[in-house]
Amino acid sequence: MTRQRVRQAGILISFLLFPITIYYLSPYLIIQGITEGVISGSMLVFSLMFLSALFFGRLFCGWVCPAAGLQEACLAVKNKRIQGGNWIKWLIWVPWMGVITWLLLLFGFPHKLAFTYFTTHGISVAEPGAYIIYYGVLSLCVTLAFTA
């Protein structure tokens, strides 16, 4: 199996597991946890993603990111690579990281660990209301993939 096939398989599996893992990839839950004094699973996952990016570059984004799996599927339909789409990540992530940093300064670093914070038995989309969030995130990813 070629390296590209292994990468595509990894992001496809990650996309299929996205209903289970979406809350572990949520900057909102980091914010919610900080205000309640909780280190959420999402904060731990984001910290690991940040550290891995320092040492391995875009390993997570290119090999394990669920949104990458969805965008690969969109690429099969649109068949056009995004040119100059780097502004999108700055538009999305700079405000999130700014709010998280501000809240950490305001509330201090949380001291209680709850890896499965806001999940039901560790599964993100286990209740009907969670599907609204899930499909909203999917819609955002698809919209960005087709419009950028």
Side-chain angles (χ1 to χ4, degrees), residues 3-4 6-75 81-148:
R3 182 176 164 174
Q4 185 68 359
V6 172
R7 185 191 72 79
Q8 288 176 335
I11 59 175
L12 175 63
I13 291 168
S14 179
F15 174 66
L16 293 174
L17 292 174
F18 196 40
I20 296 170
T21 62
I22 188 171
Y23 286 179
Y24 298 102
L25 301 170
S26 171
Y28 173 77
L29 290 184
I30 296 173
I31 292 169
Q32 182 73 27
I34 290 170
T35 62
E36 295 178 9
V38 174
I39 300 169
S40 65
S42 184
M43 181 182 257
L44 294 174
V45 169
F46 268 88
S47 298
L48 288 172
M49 285 171 30
F50 176 77
L51 290 173
S52 72
L54 291 176
F55 298 104
F56 304 110
R58 298 189 305 176
L59 177 73
F60 176 81
C61 295
W63 290 74
V64 190
C65 179
L70 179 59
Q71 289 183 345
E72 287 280 334
C74 291
L75 179 64
R81 295 248 179 239
I82 295 174
Q83 300 296 323
N86 278 341
W87 64 270
I88 295 171
K89 67 181 173 188
W90 293 103
L91 181 71
I92 293 171
W93 292 108
V94 168
W96 281 116
M97 294 300 116
V99 169
I100 289 168
T101 303
W102 176 68
L103 288 174
L104 283 171
L105 293 172
L106 186 67
F107 287 95
F109 196 80
H111 298 290
K112 181 181 173 190
L113 176 63
F115 188 75
T116 58
Y117 182 72
F118 256 73
T119 65
T120 304
H121 306 292
I123 297 172
S124 299
V125 182
E127 298 175 4
Y131 281 97
I132 295 169
I133 296 167
Y134 175 69
Y135 288 122
V137 170
L138 288 183
S139 298
L140 177 64
C141 291
V142 168
T143 300
L144 289 173
F146 283 124
T147 59

Undergrad: Tell me, please, which residues at least two apart from A73 pass side-chain contact (heavy atoms from CB on, under 4.5 Å).
TA: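 A73 satisfies side-chain contact (heavy atoms from CB on, under 4.5 Å) with no residue once adjacent residues are dropped.
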Undergrad: Please list, chain by chain and in numerical order, all residues satisfying side-chain contact (heavy atoms from CB on, under 4.5 Å) with F109, sequence neighbours excluded.
TA: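 side-chain contact (heavy atoms from CB on, under 4.5 Å) list for F109, sorted by chain: I39, M43, L104.
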Undergrad: What heavy-atom pair brings C65 and C61 nearest, and what distance separates the two atoms?
TA: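 Looking at all heavy atoms of both residues, the shortest contact is CB-O, 3.6 Å.
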Undergrad: Looking at CZ of F60 and CZ of F50, how far apart are the two atoms once the value is rounded to the nearest 0.5 Å?
TA: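 These two atoms lie 15.0 Å from each other.
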Undergrad: Do C74 and V142 have side chains that get closer than 4.5 Å, going by heavy atoms?
TA: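 Answer yes - side chains close enough.
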Undergrad: Within a strict 4.5 Å, meaning less than it, do heavy atoms of the F18 and L25 side chains meet?
TA: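 Yes, side chains in contact.
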Undergrad: Hey, is the main chain of G10 close enough, under 3.5 Å, to the side chain of S14 for a donor-acceptor pair?
TA: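 No, because the side chain of S14 does not come within donor-acceptor range (under 3.5 Å) of the backbone of G10.
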Undergrad: So for atom CZ, which belongs to F107, do other residues, nucleotides or ligands contribute more than 12 heavy atoms lying within a distance under 6.0 Å?
TA: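 Counting neighbours around CZ of F107, more than 12 heavy atoms of other residues, nucleotides or ligands fall under 6.0 Å, so yes.
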Undergrad: Taking all non-hydrogen atoms of both residues, which atom of A130 and which atom of S124 are closest, and how far apart?
TA: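 Smallest interatomic distance, heavy atoms only, reads CB-O, 3.8 Å.
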Undergrad: To the nearest 0.5 Å, tell me how far T116 OG1 sits from I123 CD1.
TA: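 Answer for the OG1-CD1 pair, T116 versus I123, is 11.0 Å.
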Undergrad: Do the side chain of S42 and the main chain of S26 share a donor and acceptor less than 3.5 angstrom apart?
TA: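 Yes, because the side chain of S42 sits within donor-acceptor range (under 3.5 Å) of the backbone of S26.
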Undergrad: With sequence neighbours excluded, tell me which residues meet side-chain contact (heavy atoms from CB on, under 4.5 Å) with A53.
TA: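 Checked A53 against side-chain contact (heavy atoms from CB on, under 4.5 Å); zero matches.
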Undergrad: For the pair R3 and R7, evaluate side chain to side chain contact (heavy atoms under 4.5 Å, CB included) and give the outcome as yes or no after the intermediate values.
TA: CA-CA 6 Å; R3 182 176 164 174; R7 185 191 72 79; 5.8 Å; no
Undergrad: Can you see which heavy atom on G69 is nearest to which on F15, and at what distance?
TA: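 Reported closest heavy-atom pair: CA-CB, 4.2 Å.
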Undergrad: To the nearest 0.5 Å, what is the distance between OH (Y131) and CG (L138)?
TA: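 Going from the OH atom of Y131 to the CG atom of L138 covers 11.5 Å.
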Undergrad: Could you go through L106 and I34, starting from their C-alpha distance and side-chain angles, then the distance that decides it, and tell me whether this counts as side chain to side chain contact (heavy atoms under 4.5 Å, CB included)?
TA: CA-CA 10 Å; L106 186 67; I34 290 170; over 6 Å; no
Undergrad: Is the centre of the F115 ring less than 6.0 Å from the centre of the Y24 ring?
TA: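 Here the rings of Y24 and F115 have centres that are less than 6.0 Å from each other.
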Undergrad: Where is the tightest heavy-atom contact between Y134 and I22, given as atom of each residue plus distance?
TA: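 What the structure gives for the nearest pair is CA-CD1, 3.9 Å.
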Undergrad: If you round to the nearest 0.5 Å, how far is NE2 of H121 from CD1 of I20?
TA: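 One finds 13.5 Å between CD1 of I20 and NE2 of H121.
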Undergrad: At their closest point, which heavy atom of A114 faces which heavy atom of V38, and how far apart are they?
TA: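 Heavy-atom minimum between the residues: CB-CG1, 3.6 Å.
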Undergrad: Nearest 0.5 Å, what's the CH2-CD1 distance between W63 and I13?
TA: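 That separation rounds to 12.0 Å.
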Undergrad: So, do I30 and L103 sit near enough that their side-chain heavy atoms are less than 4.5 Å apart?
TA: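 Answer no - side chains too far apart.
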Undergrad: Would the number of heavy atoms belonging to other residues, nucleotides or ligands and lying under 6.0 Å from CH2 of W102 be above 12?
TA: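 12 or below, so no.
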Undergrad: Check whether any side-chain heavy atom of P27 sits under 4.5 Å from a side-chain heavy atom of F46, and report yes or no.
TA: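 In short, these two side chains touch, coming nearer than 4.5 Å.
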